[in-house]
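What follows is a set of notes on a single structure, which appears directly below.
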Protein chains: 2
Amino acid sequence: MATIRDVAKRAGVSVATVSRVLNETGYVHADTKAAVIKAIKELNYKPNYVARSLYKKSSRLIGLILPDITNPFFPELARAVEDVAHQYGYTVVLCNSDGDLEKEKNYLDVLTQNHADGLIVTTNRQNNMNYIDLDIPVVALDRTLHESIPEVRADHYGGGKMATELLIQRGCTFIAHVRGPSQLGPADERCRGFVNAAEQAGIAYHIVESQFDIPISEQTVSELLDTYPQIDGIFAGNDLIAVAAVKVALKRGISIPEELQVVGFDGIPLSACFYPAITTIVQPIYEMGKWATELLIQLITKKNIAAKTHCFPVKLAERETTKRMG
Amino acid sequence: MATIRDVAKRAGVSVATVSRVLNETGYVHADTKAAVIKAIKELNYKPNYVARSLYKKSSRLIGLILPDITNPFFPELARAVEDVAHQYGYTVVLCNSDGDLEKEKNYLDVLTQNHADGLIVTTNRQNNMNYIDLDIPVVALDRTLHESIPEVRADHYGGGKMATELLIQRGCTFIAHVRGPSQLGPADERCRGFVNAAEQAGIAYHIVESQFDIPISEQTVSELLDTYPQIDGIFAGNDLIAVAAVKVALKRGISIPEELQVVGFDGIPLSACFYPAITTIVQPIYEMGKWATELLIQLITKKNIAAKTHCFPVKLAERETTKRMG
DNA sequence: TTGTATGCGTTATCAA
DNA sequence: TTGATAACGCATACAA
């Protein structure tokens with residue numbers, strides 16, 4: 001590996017001059033510049049980012065902390081983050097925290113000690129003290145970390161309402177919400193949206209709690225349908241729960257959407273390729289990841305900007321688990 | 001941020017001594033050691049990994065280059081790589097190359113300039129010169145890069161045979177293989193396995209090429225069934241193609257598995273949660289990622305070990321798109 | 001317009 | 001058993 005010193009020697013100049021042409025800082029004569037560039041080419045010189053980081057106290061590394069890349073919600077988010085980061089010359093470090101505070105703390109240390117320039121966090125715990133006073137910018141994605149930390153999120157409440165209203169409008173008479181885990185912000189808000197819409201319409205409803213997991217939700221839905229066979233509409237807390245609901249119904253010979261209508265949430269790829277394709281409330285996942293990363297990079301570069309929380313609208317994707325009208 | 005110098009000052013020793021207790025290298029008196037540790041605690045000192053990397057010319061960074069984390073095959077692989085890396089104190093940099101050689105080269109530069117210690121590559125091109133002579137170890141995952149680069153892969157040929165033999169054994173009389181793109185090693189081998197098994201059984205068969213993509217494959221399968229309505233068994237090049245095949249058949253009112261049996265490949269989560277659940281040839285994805293990472297770390301630490309290619313056996317997961325016997 | 005010298009925070013060599 | 005000090009490769013004051 002050639003160093004800046006090798007280049008300087010070969011070009012017959014000092015390292016300072018080489019550095020100047022490298023960073024386009026300060027004056028340098030056209031001829032010397034050409035000589036330096038020639039030497040760089042000949043030696044195939046590439047600056048050592050580690051040395052640069054040491055001096056600059058900035059590594060152009062961004063940490064992406066998420067619970068589990070294996071969860072189908074996250075790959076698209078990760079892709080967006082990585083795309084934007086790379087575009088701005090940043091590099092993404094992948095961290096699967098499993099929502100484990102200890103593990104998170106550990107990643108945080110590694111990231112800090114590597115002088116990461118910023119963090120995008122999608123974690124499960126609220127009021128997570130790990131992230132305040134961190135002296136690098138942090139953006140919370142799809143989660144609330146702390147009031148001091150800007151968030152990029154979707155309108156879960158509005159989405160919950162929208163889903164519920166669709167079920168009602170499509171003629172359901174007894175609707176259920178199989179909600180995600182309590183204490184998870186988005187699950188709570190979706191539930192609130194459901195309740196609000198149901199109350200407002202004066203429709204009979206029931207709520208049951210599950211996990212964002214297909215097998216567990218199959219069990220939950222199964223019990224739900226045993227207890228309330230009159231249910232003709234389900235708003236699932238997310239697409240995984242929706243898939244579980246559809247499978248359970250189909251296995252019981254309940255026809256979808258004729259006898260039971262189902263609406264999911266998230267708009268993960270699975271929802272579209274499932275058969276029947278699942279009607280769902282789509283979050284603009286890629287856009288959210290993109291926005292979060294752009295915001296983070298702004299925070300990194302011009303520390304003075306006001307970091308504002310941003311809420312994305314959601315969109316209904318009507319597919320085959322609800323009745324098509326008209 | 002406290003530095004080693006601050007610690008030294010506070011403990012009343014030299015930086016060399018602090019370094020010694022930090023790295024447990026060289027002798028240091030129990031009392032001084034205690035004093036140093038006390039100072040470290042008090043200052044909440046954390047070593048600066050960037051400085052360490054500069055001196056050691058090793059950053060404990062591992063690059064993971066894959067086409068697209070959004071492709072459902074990769075999250076589990078990425079998870080495995082990250083788990084193992086983290087366990088050994090390495091940090092994973094995520095790179096989506098889209099199979100674009102230019103982009104890959106770019107990532108490679110960034111990684112190299114950051115002194116990454118090794119690379120795990122899952123790319124599409126064979127004989128990719130980007131990776132030879134790279135002076136850091138590289139492991140190819142699920143792909144062949146170059147004869148000089150160790151691979152971790154699954155037995156695609158055997159799996160193709162296995163899938164085909166299952167269809168035959170389950171009573172199919174005219175089978176088709178909707179294969180993945182030619183020039184993609186695994187797709188070729190699965191196809192060879194198909195041909196071999198079909199020839200050996202003397203069964204009527206047909207092969208058509210598609211992409212590892214659901215919408216495109218729906219089109220392909222649709223045309224296939226138009227042309228050869230007598231097909232009663234399909235070996236899909238991967239699970240995405242299998243999903244497409246099942247959907248097309250179901251939409252046409254062809255019952256599965258009674259009239260048409262389908263076998264996929266890969267064992268991605270989607271295959272199991274689809275309804276009907278898809279019979280498939282399961283690759284041990286997590287295990288492969290784990291093995292590749294452990295191999296890479298061995299290559300990083302003891303450069304002298306012989307880097308050997310490793311082929312994992314695949315396993316049949318019989319589910320609902322083939323006829324259950326007895 | 002260019003060069004010298006210093007520091008970024010470590011580790012490791014050599015003396016003491 | 002410990003301490004001074006020279007690297008690691010780069011960027012930047014400051015001089016020239």
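Chain letters run A, B, ... following the sequence lines, proteins first and then strands; every chain starts at 1. The structure displayed is predicted, hence computed values, not measured ones.
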Would you mind classifying the nucleic acid contact of A/S19 as base, sugar-phosphate or nothing, using non-hydrogen atoms under 4.0 angstrom? base
What does the inter-axis angle of the helix from C/dT1-D/dA16 to C/dA16-D/dT1 come out as, five pairs per end, nearest 10 degrees? 50°
Closer than 3.5 angstrom, by distance alone: can the side chain of B/D6 be matched with the main-chain N or O of B/A2 as a donor-acceptor pair? no
Just call it for B/V13: base, sugar-phosphate, or nothing, with non-hydrogen atoms closer than 4.0 Å on any strand. sugar-phosphate
Are B/D83 and B/Y286 close enough that a side-chain donor and a side-chain acceptor fall under 3.5 Å? yes
Whole-Å distance, B/R5 CZ to C/dT6 C1', equals 12 Å
Which nucleotide sits closest to the side chain of A/Y55: C/dG9, C/dT4, C/dG7? C/dG7
Please state whether the phosphate of C/dG3, meaning OP1 or OP2, lies under 4.0 angstrom from any side-chain nitrogen or oxygen of A/T17. yes
From NE2 of A/H29 across to P of C/dT1 the rounded distance in Å is 8 Å
Classify the nucleic acid contact of B/K46 as base, sugar-phosphate or nothing, counting any heavy atom under 4.0 Å across all strands shown. sugar-phosphate
Check every strand shown and say whether A/T32 touches a base, only sugar-phosphate, or nothing at a heavy-atom separation below 4.0 Å. sugar-phosphate
Rounded distance in Å - CZ (B/R20) to P (C/dA12): 11 Å
Between A/T70 and B/E76, do the side chains contain an N or O donor and an N or O acceptor separated by less than 3.5 Å? no
Hey, which of these two, B/V15 or A/R52, hits DNA chain D nearer its 5' end, going by closest nucleotide? B/V15
Where each residue is assigned the nucleotide of DNA chain C containing its nearest heavy atom, which of B/N23 and A/L54 is assigned the position nearer the 5′ end? A/L54
If you look at every strand shown and take non-hydrogen atoms under 4.0 Å, does B/Y45 touch a base, only sugar-phosphate, or nothing? sugar-phosphate
Roughly, in whole Å, what's the span from CG in B/D6 to C1' in C/dG7? 15 Å
Range on DNA chain D touched by chain A - first to last nucleotide, heavy-atom distance under 4.0 Å: D/dG9 to D/dT12
Whole-Å distance between C/dT13 P and B/K56 NZ? 11 Å
Any salt bridge linking B/R143 with B/E151? Criterion: basic side-chain nitrogen under 4.0 Å from a carboxylate oxygen. no
In a check of side chain to side chain contact (heavy atoms under 4.5 Å, CB included) between A/V7 and each of A/V18, A/V21, A/I37, A/L22, which one passes? A/V18
Using a cut-off of 6.0 Å, state whether more than 12 heavy atoms not belonging to A/K103 lie near its atom NZ. yes
A/S58 and A/D117: side chain donor to acceptor below 3.5 Å: yes
Between B/F312 and B/W291, how do the two ring planes meet: parallel, tilted or perpendicular, split at 30° and 60°? perpendicular
Protein-nucleotide distance (A/I4, atom CD1; C/dC8, atom P), rounded to Å: 19 Å
Within the 3.5 Å criterion, strictly below it, is a donor on B/D188 or B/H156 matched to an acceptor on the partner's side chain? no
Between A/Y49 and B/H115, does the ring centroid distance fall short of 6.0 Å? no
Protein-nucleotide distance (B/K57, atom NZ; C/dG9, atom P), rounded to Å: 19 Å
